[in-house]
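Below is one structure, written out as structure tokens; comments come after it.
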Amino acid sequence: MLVMISLTGCGSAGTRALETSSVSFVCDYGISFTVEFRDELALVHAGGNTYILTSRPSSIGRRYGSDSVAFMQDEDRGVLVGAE
């Protein structure tokens with residue numbers, strides 16, 4: 001069974017992420033995901049899968065993406081779209 005994760009307003013469960021750190025996000029209904037920041041990449045761990053996203057231009061906060069998955073972060077809030 002495929003479940004599409006399209007989350008808005010997920011709050012960080014930890015402190016603000018540094019460029020080479022990781023941060024966990026906890027969303028409604030107990031859904032959570034973790035993001036590891038490595039240079040210009042973000043490794044997103046969600047639903048038993050890992051997505052490697054590259055840095056994208058952003059006017060506010062951070063933005064990373066691939067062909068089908070996107071992650072945006074502003075301060076301690078994160079949005080993950082397209083993850084299964």
**Request:** Give me the one residue out of Asn49, Val44, Leu80, Val81 that meets side-chain contact (heavy atoms from CB on, under 4.5 Å) with Val69.
**Result:** Leu80

**Message:** Which label fits Phe33 and Phe25: parallel for a plane angle under 30°, tilted from 30 to 60°, or perpendicular past 60°?
**Reply:** parallel

**Request:** Give a yes or no answer on whether the side chain of Tyr51 reaches the backbone of Glu84 with a donor-acceptor pair at less than 3.5 Å.
**Result:** yes

**Message:** Can a side-chain donor-acceptor contact be found between His45 and Thr34 if the only test is distance below 3.5 angstrom?
**Reply:** no

**Complete:** For Val26 and Ser32, the nearest pair of non-hydrogen atoms, with its separation, is CA-CB, 4.3 Å

**Asked** Is the ring centre of Phe37 less than 6.0 Å from the ring centre of Tyr64?
**Response** yes

**Message:** Suppose we screen for side-chain contact (heavy atoms from CB on, under 4.5 Å). Which residues come up paired with Asp74, at least two apart in sequence or across chains?
**Reply:** Ile60

**Request:** Check side-chain contact (heavy atoms from CB on, under 4.5 Å) between Ser58 and all other residues, then give those that pass, not counting sequence neighbours.
**Result:** Arg63

**Asked** So do the side chains of Leu43 and Arg38 get within less than 4.5 Å of each other, counting heavy atoms only?
**Response** yes

**Asked** Do Leu41 and Ile52 have side chains that get closer than 4.5 Å, going by heavy atoms?
**Response** yes

